[in-house]
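Step one of this worksheet: look at the structure below.
Because the structure is a prediction, the values reported are computed rather than measured. Heavy-atom basis, side chains included; hydrogens, waters and symmetry copies ignored. Per chain, numbering begins at 1; letters A, B, ... match sequence-line order.
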Protein chains: 2
Amino acid sequence: MVADDDGAFAPTTEDAPSSSGFLDDGKNTIGSQLASRLREAIISGELQAGSKINLDKARKTFNVSLSPLREGLARLISDGLVEFEDNRGYRVSPISLANLEEITTLREEFEIFALRESMRVGDVEWEGNVMRALHRLNRTERDAARPETLERWEELHREFHLTLISGCGKPILLHFCRLLLNLNDRYRRVFLTRTSGDRNVNQEHSEIAQGAVARDLDYACDMLRQHIHRTGTNLRNHLATKGIL
Amino acid sequence: MVADDDGAFAPTTEDAPSSSGFLDDGKNTIGSQLASRLREAIISGELQAGSKINLDKARKTFNVSLSPLREGLARLISDGLVEFEDNRGYRVSPISLANLEEITTLREEFEIFALRESMRVGDVEWEGNVMRALHRLNRTERDAARPETLERWEELHREFHLTLISGCGKPILLHFCRLLLNLNDRYRRVFLTRTSGDRNVNQEHSEIAQGAVARDLDYACDMLRQHIHRTGTNLRNHLATKGIL
DNA sequence: CCTTGACAGATAATCGATTATTTGGATAGT
DNA sequence: ACTATCCAAATAATCGATTATCTGTCAAGG
C-alpha cells in the first residue's frame with residue numbers, strides 16, 4: 001500500500017543518503033528530489049503523456065505529503081512537462097505531432113542562434129568544455145539491451161548540446177533551449193530505443209563541435225541545423241508509424 | 001498585524017467576489033489569486049528587484065497560509081520573475097543591464113520570428129484581433145498623474161504585442177514571448193513613467209499592425225524590430241541615468 | 001587577535017487534518 | 001424516454017502545527 005506496489009515508479013535504491021554523505025547535488029529538499037524523479041519518470045515515458053496525475057496516489061507512491069509533491073510538480077511546469085489547471089489538478093503534458101514539430105522548429109531557430117552567439121563570444125574555456133562533452137559522448141556506448149547505458153547516453157547527449165551553446169552568455173536563451181531539449185528528449189526516449197541505422201550520429205556531433213571551436217560559423221550552424229532537422233524527421237516518422245495520435 | 005498594515009501591498013478592494021459573480025477569470029484558488037497579485041507587485045516595482053521574499057511576512061501580509069503562498073510563488077518562477085533556492089527561499093529576480101539587453105535581443109529575435117509566422121499562417125480572425133488590439137491601445141490615454149491609466153495602458157500594450165504574434169500557431173513560442181514581455185514590462189514600469197518625448201509610440205504601433213495585416217513581411221518585421229530596439233535603448237539609458245547598478 | 005564551535009533565533013520545509021470543489025450517478029419532474 | 005437537480009464519493013486546496021535547516025552571535029581555545 002505504501003511505496004513500491006505500483007510498479008510504475010520503481011525507485012532505484014536511493015532512499016538512504018548512503019555513506020558518501022557530502023557533495024549532495026543540491027537536491028536537498030523532498031520537493032527537489034521529487035522534481036528530479038518525476039522529471040525522469042516523464043521524460044523516460046514511465047508516466048504516460050497526457051495522463052492525469054492523481055495527487056493522492058502519487059502521494060502514496062512516493063510516500064510523501066502533499067506539500068512537497070505540489071512543490072515538485074510546480075517545478076515541472078516550468079519545464080513544460082506538466083500542465084496545471086485550478087481545481088482540476090496536474091497532468092503530464094500531452095504529446096502530439098504539432099508539438100513535436102514546433103519543438104523541432106524552435107530548436108532549429110534558437111539553438112542555432114545560441115550557437116552562433118557562442119562562437120562569437122565564447123572563450124577558450126567554452127571550447128574546452130565542448131570538446132570534453134563531445135569526447136565523453138562519443139566514448140559512451142548506447143546499448144538498447146541495457147537501459148542504464150541509454151540513460152547515461154541521454155544525459156551526455158543533452159549535456160553536449162547544452163555545452164555547445166553554453167558560451168553565448170545569454171542565460172534566458174539557455175533556459176529556453178534547455179526546456180526545448182527536455183521536451184524533445186521525451187519524444188526520443190519514447191520512440192527511439194536506438195539510433196536509426198542510416199545516421200552516424202557520433203560523426204554529426206563531431207562535425208558540429210569541430211566547426212564550433214574552429215569558429216566556422218556557417219558550417220557549424222548548418223551542421224547543427226541538419227542534425228536537429230534529421231532528428232525531428234526521424235521522430236516524426238516514428239510517431240506516425242507507431243500510430244500514437 | 002493582519003492584512004493591510006504593511007502599506008506595500010495595498011489590495012484594491014477585491015476581497016469579496018462582489019455581485020457579478022459569474023465569469024470569474026479562472027482565478028479561483030488562493031494560489032492563483034496570489035500569483036496574480038504578486039506578479040503585479042513585482043512588475044510594478046512594488047516588490048523591489050533582487051529582494052528576498054520572507055515567507056512568514058508575506059503570509060501575514062496577504063493573510064494566507066504557506067501552501068498557497070508557495071503555490072503562487074512557484075508559478076512566478078515559470079514567469080522568470082522569481083528565483084528559488086533550496087532551503088534559502090524565494091527572491092524577486094534581480095534586474096541588471098545585461099539582463100535588460102538580453103531581453104531586448106531575444107524579443108527582437110523571437111517576436112520578429114513569431115510575427116513573420118503569424119503573417120504567413122494567420123487567418124482573418126487574427127487580423128481582426130490585431131486591429132482591435134491596436135485600436136483599444138491607441139484610444140487609451142497614458143497619464144502619469146493617474147496610475148490607474150498607466151496600468152490600463154500597460155495591460156493593453158502587452159495585449160497588443162501578444163495579439164500581434166498570436167496568429168503564429170506556435171504555443172511554446174508564444175509562451176516564451178509572453179515571458180519576455182513580462183520581464184521587459186518590469187523595466188518599463190520602473191523606469192518610464194511616460195513615453196519619451198521623441199517618439200510617437202502610437203504611430204509605431206499603427207505601422208506595425210498595418211504592415212502585419214497587409215502581410216508586408218519585411219516592412220512589418222522591420223518596424224517591430226525598430227520598435228523593440230528603441231524601447232530597449234530608452235530603457236538602457238534610464239537604467240544608466242538613474243544609476244541603478 | 002583570529003579562528004572555531006556551539007547556541008539561539010529566524011526562516012524554510014514538511015506533515016496530518018480540515019475544508020472546498022468537482023464529478024458521476026441517482027432521482028424527480030416533464 | 002429525456003432533461004435537470006441534487007446528493008455522495010473522489011479529488012484538490014488550504015490550514016495550523018511541527019520539524020528541519022540556516023544564520024548570525026558569542027565564547028573558548030589557539
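Between the B:S93 side chain and the B:G80 main chain, a donor and an acceptor come within less than 3.5 Å of each other. In this structure, the side chain of B:T149 does not engage the main chain of B:R142 through any donor-acceptor pair within 3.5 Å.
Look at CG on A:D56: it is 17 Å from P on C:dT23, rounded to the nearest Å. To the nearest angstrom, P of D:dA12 lies 4 Å from CG of A:L55. The separation between B:E85 atom CD and D:dC22 atom C1' is 12 Å, rounded to whole Å. B:L73 places its CG atom 16 Å from the C1' atom of D:dT14, with the value rounded to the nearest Å. Atom pair A:Y90:OH and D:dA12:P shows a separation of 10 Å (rounding to whole Å applied). The nearest whole Å value for the distance from the CZ atom in A:R88 to the P atom in C:dT23 is 4 Å.
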Name each donor-acceptor pair under 3.5 Å that joins a side chain in residues 161-170 of chain A to protein atoms two or more places apart or in another chain, with its distance.
{"residue": "A:H161", "atom": "NE2", "partner": "A:H157", "partner atom": "NE2", "Å": "3.2"}
{"residue": "A:H161", "atom": "NE2", "partner": "A:H227", "partner atom": "NE2", "Å": "3.2"}
{"residue": "A:T163", "atom": "OG1", "partner": "A:E159", "partner atom": "O", "Å": "2.7"}
{"residue": "A:S166", "atom": "OG", "partner": "A:T163", "partner atom": "O", "Å": "2.7"}
{"residue": "A:K170", "atom": "NZ", "partner": "A:E117", "partner atom": "OE1", "Å": "3.1"}

Under 3.5 Å, which protein N or O atoms sit close to an N or O of nucleotides 16-21 of chain C? Give each pair with its distance.
{"residue": "C:dT21", "atom": "O3'", "partner": "A:N87", "partner atom": "ND2", "Å": "3.3"}

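Contact between the side-chain N/O atoms of B:K52 and the OP1/OP2 oxygens of D:dT23 is not found at any separation under 4.0 Å.
Salt-bridge check for A:R75 with A:D79: failed, with every basic side-chain N at 4.0 Å or more from each acidic carboxylate O. The pair B:E155-B:R158 does not count as a salt bridge, with every side-chain nitrogen at least 4.0 angstrom from each carboxylate oxygen.
Closest to the side chain of A:N54, out of C:dT14, D:dT11, D:dT23, is D:dT11. Proximity note for A:P68 (side chain, C-beta onward) versus C:dT22, C:dC15, D:dC15: the nearest is C:dC15.
No more than 12 heavy atoms of other residues, nucleotides or ligands sit less than 6.0 Å from atom CD of B:E125.
Residue contacts shown for B:L34 are absent, as no nucleic acid heavy atom lies under 4.0 Å away. Residue B:L69 is classed as having no contact, given no heavy-atom separation below 4.0 Å to the nucleic acid.
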- Message: Evaluate A:L106 against A:F176 for side chain to side chain contact (heavy atoms under 4.5 Å, CB included), listing each step before the verdict.
- Response: CA-CA 10 Å; A:L106 296 184; A:F176 289 161; over 6 Å; no
